2 protein chains.
Amino acid sequence: MKTYAQMTPEERRAEYDALQTAFQDLKAKGLSLNMARGKPGKAQLDLVSDIFGLMQKPEDYISDGIDVRNYGEMAGLPAAKRLFADILGCQPEQVFVGGNASLQLMFDTISKAYTHGLLHSPRPWCKEEKVKWLCPAPGYDRHFKITEFFGFELITIPMTETGPDMDAVEEAVKDPAVKGIWCVPKYSNPDGIIYSADTIRRFARLNAAAPDFLIMWDNAYCIHEFEGDYVEFPDILALCAEAGHPDMVFEFASTSKVTLPGAGVSCFACSKANMAHMETLLTPQVISFDKVNQQRHVLYLQNKAHTLELMKKHAAIMGPKFRAVVDALDREIAPLDIASWKRPKGGYFVSLNAMPGTAKRTLALCKEAGVTMTSAGATFPYGKDPQDSNIRIAPSLPPVEELEQAIQVFCLCLKLAALEKLGAV
Amino acid sequence: MKTYAQMTPEERRAEYDALQTAFQDLKAKGLSLNMARGKPGKAQLDLVSDIFGLMQKPEDYISDGIDVRNYGEMAGLPAAKRLFADILGCQPEQVFVGGNASLQLMFDTISKAYTHGLLHSPRPWCKEEKVKWLCPAPGYDRHFKITEFFGFELITIPMTETGPDMDAVEEAVKDPAVKGIWCVPKYSNPDGIIYSADTIRRFARLNAAAPDFLIMWDNAYCIHEFEGDYVEFPDILALCAEAGHPDMVFEFASTSKVTLPGAGVSCFACSKANMAHMETLLTPQVISFDKVNQQRHVLYLQNKAHTLELMKKHAAIMGPKFRAVVDALDREIAPLDIASWKRPKGGYFVSLNAMPGTAKRTLALCKEAGVTMTSAGATFPYGKDPQDSNIRIAPSLPPVEELEQAIQVFCLCLKLAALEKLGAV
């Protein structure tokens, strides 16, 4: 079989005409399918809804002597701190347990740096002439948006097979205006890669010019394998401390994709000194987060081992969805040599690089045919992919039957866009 | 019976000596009692803990077609908006339903004004030379702290029997640097007064020099009568709109003292234009608040009428506590003419004005005898009561037996401090 590039112009035109007919047929079906966001599907929600049966007995309301129903304990229940410390491999006293969303904790960390400054900030960031921020890309659009919201200059750092390009990072942090970097170290969004031991070591040893340089270590998929066993992952807090930079990193995690999206529990973890500083900054804002929900999660998840058992059940739902996507790509697209993609073993996304200049067109065609995808460019700072190539596929929400249909549409649109680019029209 | 002022120096000295003996006896008891914060007591928590039995049936997970367990609906469930609109007397589309704490929503509103500006702000408040803020005092310490945290200059506005001194407010807002005011319009913290219709009308008609002047209308005790029937209260949003200032006010409320402190649901209400602006500013920060807990509250509280029935049950617990406090003051302190206080019918506090210059000393004595109270001065900007007179009593947490003991200690300390002031030592 010939790749599209190997075809003669006539062959491409014939292929295009055939695909156009198929495309018109698909459009006529009036599909409405969604592969846009990393939303768990209904089967995953149902899997964990027995969590609502907890908190019925009076003894459940008490945790380490604390009535979880009343005000207080701003930094979270000690038992919830222990649970997250177990999962992340850090110390309970390094953990602050928050509300339902780690995104809010991340936003807050940046917001506090902006209005008041971090522990080692010479001044609040709003008083700085310019703040620059490193964005490994492709990356998570909501991360980039937070730093864009506060007017920082976003600097793209290329992603490699082993994590962000550390040569580029080490060079960039020589600029004292560079205040931090976004990281999704395990099953990175969207590439699904795990940062290598060497990458992580280089992060811990970063000698940044800014005294308040901040690694935003969003460990969103820390236990989110959908294929194979749990993969051990180092504790970045300990590594930074060993390297003499205990205050350089804030780690984030949540149960949004362990129990319930939007009704889970989130946390951040940081050095003791950072914790004291953040608690001072959070005191005017927070009396306490929802400790009833924290307790509900402590009772439900118990510990890391028990939580990993639950993740196996999520994997049983997620695995087939990812295989459906990647298998279709292998079958339909690989022989044509018009795109490349990763085959992740965890996380929530498949990252695909289409032929440069065809991502937007592919997704416009998908939309025409009733398939909603993450916008092209979303995985890059300011929503602009200079290559117009990267596409994030989120297979988690639709049931497998719908997903198979959606990925068929996607493959068709990818082909049409490639053929147009190659001059078939 | 003579008041302390009417006594001869010898009589005062004899009284002081007798009270000192009683005080030493009390100290020897090693009490540990708390009237510091507006925390509901255990009986109130138990009253509402049947809320945890909800959300068991699959149909409970769906509200207006939305699966409450998944991401989305940043501004809250439509059903939760309807519930709060019913309670506050505004329109559902004016309501944003948040997480477990209205304090966080209040902090966020001010924080957004600081970092990005409100709808009519010429610039973010962090770019203003100076921001001044009006603080009716005595008032709520956590309010004052938020505006202090952002470096605003706090200006004290005296409280009257009918609400903040509106002559002072109308004069103050002529200064364009004055950007807003804190209000607790019903059962004000700590005075427990309800703003009069005239005060509310004058608020709605305020002609502030600052185009982005902001009334922070914290309706924390909107349905929190503990004596007598529910008192109707006007909708400030409608009044501001009628007066031509639809965007001048944000109203706040929560179920922290309806269902569970720290595990309830909060909201803000504002004009449609403000809502659009705030949603833009909240989008980088929030995917969604905890809609499962919102739905739990919709199922539990149902509507205003049903919620008011629940508040009657809270009143049955709260009423006797407030009566124990005020009756003791009437009996022990009134005849001596060394303090004055209000007799509130709702809210969470009794506000007492001790003889000027004796509040701190009274509370230091209380502490010595094992009774924790809100710090003296806490009800004033910067924690400084110029008269050293106002004391906030919070009777909600201790059971009545403990409370009666605590108020006895308090009365004794009040007497000792007054006698010291009058030169008995």
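Labels below follow one simple rule: chain letters A, B, ... track the order of the sequence lines, proteins then strands, and each chain is numbered from 1. Quick note: numbers below take in every heavy atom, side chains included, and nothing from hydrogens, waters or symmetry partners. Note that this is a predicted model, so its numbers are computed, not measured.
Scanning for ring-ring contact (aromatic ring centres under 6.0 Å, His included) contacts around A:F380 gives an empty result, with sequence neighbours left out. Residues meeting the ring-ring contact (aromatic ring centres under 6.0 Å, His included) test with B:F144, sequence neighbours left out: none. Applying the ring-ring contact (aromatic ring centres under 6.0 Å, His included) criterion to B:H314, with sequence neighbours excluded, gives no partner residue.
Here the CZ-OG1 distance, from A:F149 to B:T283, works out to 9.0 Å after rounding to the nearest 0.5 Å. Here the CD1 atom belonging to A:I110 is positioned 13.0 Å from the OG1 atom belonging to B:T115, to the nearest 0.5 angstrom.
The heavy-atom pair separating A:K42 from B:R69 by the smallest distance is CG-NH2, 4.2 Å. A:V286 and B:R142 make their closest contact through O-NH1, 4.2 Å (heavy atoms, listed as atom of the first residue, atom of the second, distance).
Using a 4.5 Å cut-off between heavy atoms, B:Y114 contacts chain A through its side chain alone, with no backbone atom that close. Only the side chain of B:K112 has a heavy atom closer than 4.5 Å to any heavy atom of chain A. Heavy atoms of B:R296 lying under 4.5 Å from chain A belong exclusively to its side chain. Residue contact with chain A, scored on non-hydrogen atoms closer than 4.5 Å, involves the side chain of B:N100 exclusively. With a 4.5 Å cut-off on non-hydrogen atoms, A:N70 touches chain B through its backbone and its side chain both. Looking at B:L397, only its side chain comes within 4.5 Å of chain A, counting heavy atoms on both sides. Only the side chain of A:S111 comes within contact range of chain B, judged by heavy atoms closer than 4.5 Å. When heavy atoms are compared at a cutoff of 4.5 Å, B:D46 approaches chain A by way of both its backbone and its side chain. In this structure, chain A has heavy atoms under 4.5 Å from both the backbone and the side chain of B:K39.
Annotation: maximal heavy-atom pairing with chain A below 4.5 Å, among B:I287, B:I146, B:N293, occurs at B:I287. Heavy-atom pairs under 4.5 Å with chain A peak, among B:E148, B:K145, B:Q56, B:H116, at B:H116. Of the residues considered (A:P58, A:P40, A:G99), A:P40 shows the highest number of contacts with chain B, using heavy-atom pairs under 4.5 Å. In terms of heavy-atom pairs under 4.5 angstrom with chain A, the leader among B:T259, B:L103, B:V292, B:V48 is B:L103. Your options are B:S288, B:G264, B:G151, B:S49, and the one with the most heavy-atom pairs under 4.5 Å with chain A is B:S49. Looking only at heavy-atom pairs under 4.5 Å with chain B, the residue among A:G53, A:A101, A:G72 that has the most is A:G53. When each of B:Q294, B:M55, B:M106 is checked for heavy-atom pairs under 4.5 Å with chain A, B:M55 comes out on top. Interface remark: of the candidates A:D108, A:L281, A:L54, A:L281 forms the most heavy-atom pairs closer than 4.5 Å to chain B.
Aromatic pair B:F52/A:Y61: ring centres closer than 6.0 Å.
A 4.5 Å side-chain heavy-atom check between B:Y71 and A:S256 finds at least one atom pair inside the cut-off.
Within residues 121-134 of chain B, the residues approaching chain A closer than 4.5 Å by heavy atoms are, in numerical order, B:C126, B:K127.
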